[in-house]
Asks: 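Here you go, one structure.
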Amino acid sequence: MTPTLPGFEYLRLPGVDGVELAAAVGGHGSPVVLLHGFPQTHLMWRHVAERLADRHTVICPDLRGYGASDKPAADSSGVYAKRTMAADVVALAAALGHDRFALVGHDRGALVAFRAGLDHPGTVTHLGILDVVPTLDMWDVLHGVSAAVAFHLYLMAQPPGLPETMIAGSADAFFGSFLDAWAGGPDTLPPDVRAAYLRASSAAVPSIVADYRASSTVDIEHDRADLDAGTRLTMPVTVLQQDWGARLGYDASAVWRAWAPDLDHRLTEAGHFMAEEVTAAIRDLLAR
């Protein structure tokens, strides 16, 4: 049986272009949308969502292509563009009656949140980013053998066919390798949650690959156009990440400050699956 967020209502809500997203909704107060990363689902927020729900309406969707949300075929480059996925989130919140909301994303969800902040500055009031750099910068900071840490980015950037076949042939081993390598400790992923992630990811190989492939094509185009146009994040932004700058040889804070003038940049030793560590940082962000 798939775990759920206790006390949260499960809904199917409209995104864009006829796509429906599954979401867990709970709590009362100003709205906060939490977007999960790879290879996870909304379940990654199970501790944070419960803590935030005492003061906020907390909305935890599965991104398009993940979990219980729709997985449209990637018949064009825009289907899994972060611009499209960000529009999903705005539409979902509007369906719940929220035309403005705070937004926090981890990993793939952080890239969607970043795009939402750029495309919908009047809608996203506060932006939290966990353990990524923007797509354009991500490719720029990966060099030489240090880029091996992100081998999956290069695999899923390949043309349709080979990545999907390779991953589907050993899906549990592929996705499980990230769950095991990125877990901060033995209590980070209980067996039932780990099993739920594996089931969800194994059932979504084509759409997960399409999401990643978009980040080697159309997402770069969108980021570069905004950078050239001087488009910046106008809301308060908190970035919480591992010290990737030291590991890969770049100034992570400077990368983010180029996009976010109102920036609180923090480093953590919590590991990639840091959601359980971030409630205080989110509360601080929402108070700005």
Side-chain angles (χ1 to χ4, degrees), residues 5 8-26 31-45 49 57-130 132 134-135 156 200-201 203-215 217-223 226 231 233 235:
L5 303 187
F8 277 59
E9 182 181 7
Y10 277 74
L11 303 170
R12 292 194 66 81
L13 298 164
V16 296
D17 302 327
V19 168
E20 289 190 344
L21 304 184
V25 182
V32 181
V33 179
L34 305 177
L35 304 179
H36 66 86
F38 162 91
Q40 298 178 290
T41 68
H42 74 283
L43 287 174
M44 67 162 285
W45 298 109
T57 298
V58 182
I59 305 163
C60 302
D62 288 338
L63 297 168
R64 75 158 57 195
Y66 290 80
S69 290
D70 287 353
K71 302 169 182 64
D75 52 11
S76 73
S77 63
V79 174
Y80 287 95
K82 302 307 155 295
R83 172 158 287 160
T84 305
M85 297 171 78
D88 279 339
V89 176
V90 172
L92 173 147
L96 292 170
H98 306 299
D99 57 2
R100 287 171 57 79
F101 54 86
L103 182 59
V104 180
H106 173 254
D107 190 84
R108 306 305 295 172
L111 299 179
V112 175
F114 170 72
R115 175 46 54 191
L118 291 173
D119 286 358
H120 305 276
T123 300
V124 178
T125 63
H126 302 75
L127 183 63
I129 300 288
L130 306 185
V132 298
T135 300
M156 290 191 274
S201 297
V205 171
S207 52
I208 290 175
V209 174
D211 166 35
Y212 273 84
R213 187 175 288 120
S215 287
T217 54
V218 65
D219 294 340
I220 294 176
E221 296 171 10
H222 293 159
D223 281 8
D226 277 330
T231 306
L233 297 165
M235 67 290 298

Asks: For a quick test of reading the model, state the closest non-hydrogen atom pair linking T84 to G78 and the distance between them.
Replies: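 T84 and G78 have their closest heavy atoms at OG1-O, 2.5 Å.
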
Asks: Is there a side-chain contact between H222 and K82, using heavy atoms and a 4.5 Å cut-off?
Replies: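 SC-SC contact between H222 and K82 ruled out.
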
Asks: Should C60 and L5 count as side-chain neighbours, where that means a heavy-atom distance under 4.5 Å?
Replies: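 Heavy-atom side-chain distance check passes, below 4.5 Å.
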
Asks: Quick check: closest heavy atoms across T41 and A200, and the distance to 0.1 Å?
Replies: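 For T41 and A200, the tightest heavy-atom pair comes out as CG2-CB, 3.8 Å.
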
Asks: Regarding D226 and R115, does a basic nitrogen lie under 4.0 Å from an acidic carboxylate oxygen?
Replies: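 A salt bridge links D226 with R115.
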
Asks: Can a donor-acceptor pair be found, under 3.5 Å and without considering hydrogens, that links the side chain of R12 to the backbone of A68?
Replies: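 Side chain of R12 to backbone of A68: a pair is present.
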
Asks: Could you walk me through whether V58 and V25 pass the side-chain contact (heavy atoms from CB on, under 4.5 Å) test, one step at a time?
Replies: CA-CA 6 Å; V58 182; V25 182; over 6 Å; no

Asks: I need the full list of salt bridge (Lys or Arg N to Asp or Glu O under 4.0 Å) pairs touching residues 95-110, with sequence neighbours left out, sorted by first then second residue.
Replies: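 Applying salt bridge (Lys or Arg N to Asp or Glu O under 4.0 Å) to every pair that reaches into residues 95-110, excluding sequence neighbours, yields R108-D211.
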
Asks: What distance separates L63 CG from D88 CG, expressed to the nearest 0.5 Å?
Replies: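 Spacing of CG (L63) from CG (D88) equals 8.5 Å.
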
Asks: If I take atom CG from residue L11 and atom CG from residue L21, how far apart are they, to the nearest 0.5 angstrom?
Replies: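 Nearest 0.5 Å value for the CG-CG distance: 11.5 Å.
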
Asks: For the residue pair T125 and M235, establish whether any side-chain heavy-atom pair is separated by less than 4.5 Å.
Replies: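 The answer is no; the side chains never approach within 4.5 Å.
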
Asks: Heavy atoms, side chains only, cut-off 4.5 Å: are L118 and L233 in contact?
Replies: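 They are in side-chain contact.
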
Asks: Side-chain contact test, heavy atoms from C-beta onward, threshold under 4.5 Å: evaluate it for V104 versus W45 and give yes or no.
Replies: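 Contact flag for V104/W45 side chains = yes.
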
Asks: Can you give me the closest heavy-atom contact between S207 and G65, atom names plus distance?
Replies: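 For S207 versus G65, the nearest heavy atoms are OG-O, 2.7 Å.
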
Asks: So which heavy atom on H42 is nearest to which on H36, and how close?
Replies: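 The answer is N-CD2, 3.8 Å.
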
Asks: With P72, which residues qualify under side chain to side chain contact (heavy atoms under 4.5 Å, CB included), at least two apart?
Replies: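 In terms of side chain to side chain contact (heavy atoms under 4.5 Å, CB included), with neighbours along the sequence ignored, P72 is linked to V19, R64, D70, V79, Y80.
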
Asks: Looking at every heavy atom in both A116 and L103, which two are closest together, and how far apart are they?
Replies: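 Heavy atoms only, the tightest pair is CB-CD2, 3.6 Å.
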
Asks: To check you understand the geometry: which heavy-atom pair defines the closest contact between L35 and P61, and what is its length?
Replies: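 Scanning both residues completely, I find the closest heavy atoms to be CD2-CG, 3.6 Å.
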
Asks: Under the ring-ring contact (aromatic ring centres under 6.0 Å, His included) definition, can you give me all pairs with a residue in residues 108-129, not counting sequence neighbours?
Replies: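 ring-ring contact (aromatic ring centres under 6.0 Å, His included) check on residues 108-129 returns F114-W256, F114-W259.
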
Asks: Name the one of L111, V112, T135 that satisfies side chain to side chain contact (heavy atoms under 4.5 Å, CB included) with D219?
Replies: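 The option that passes is T135.
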
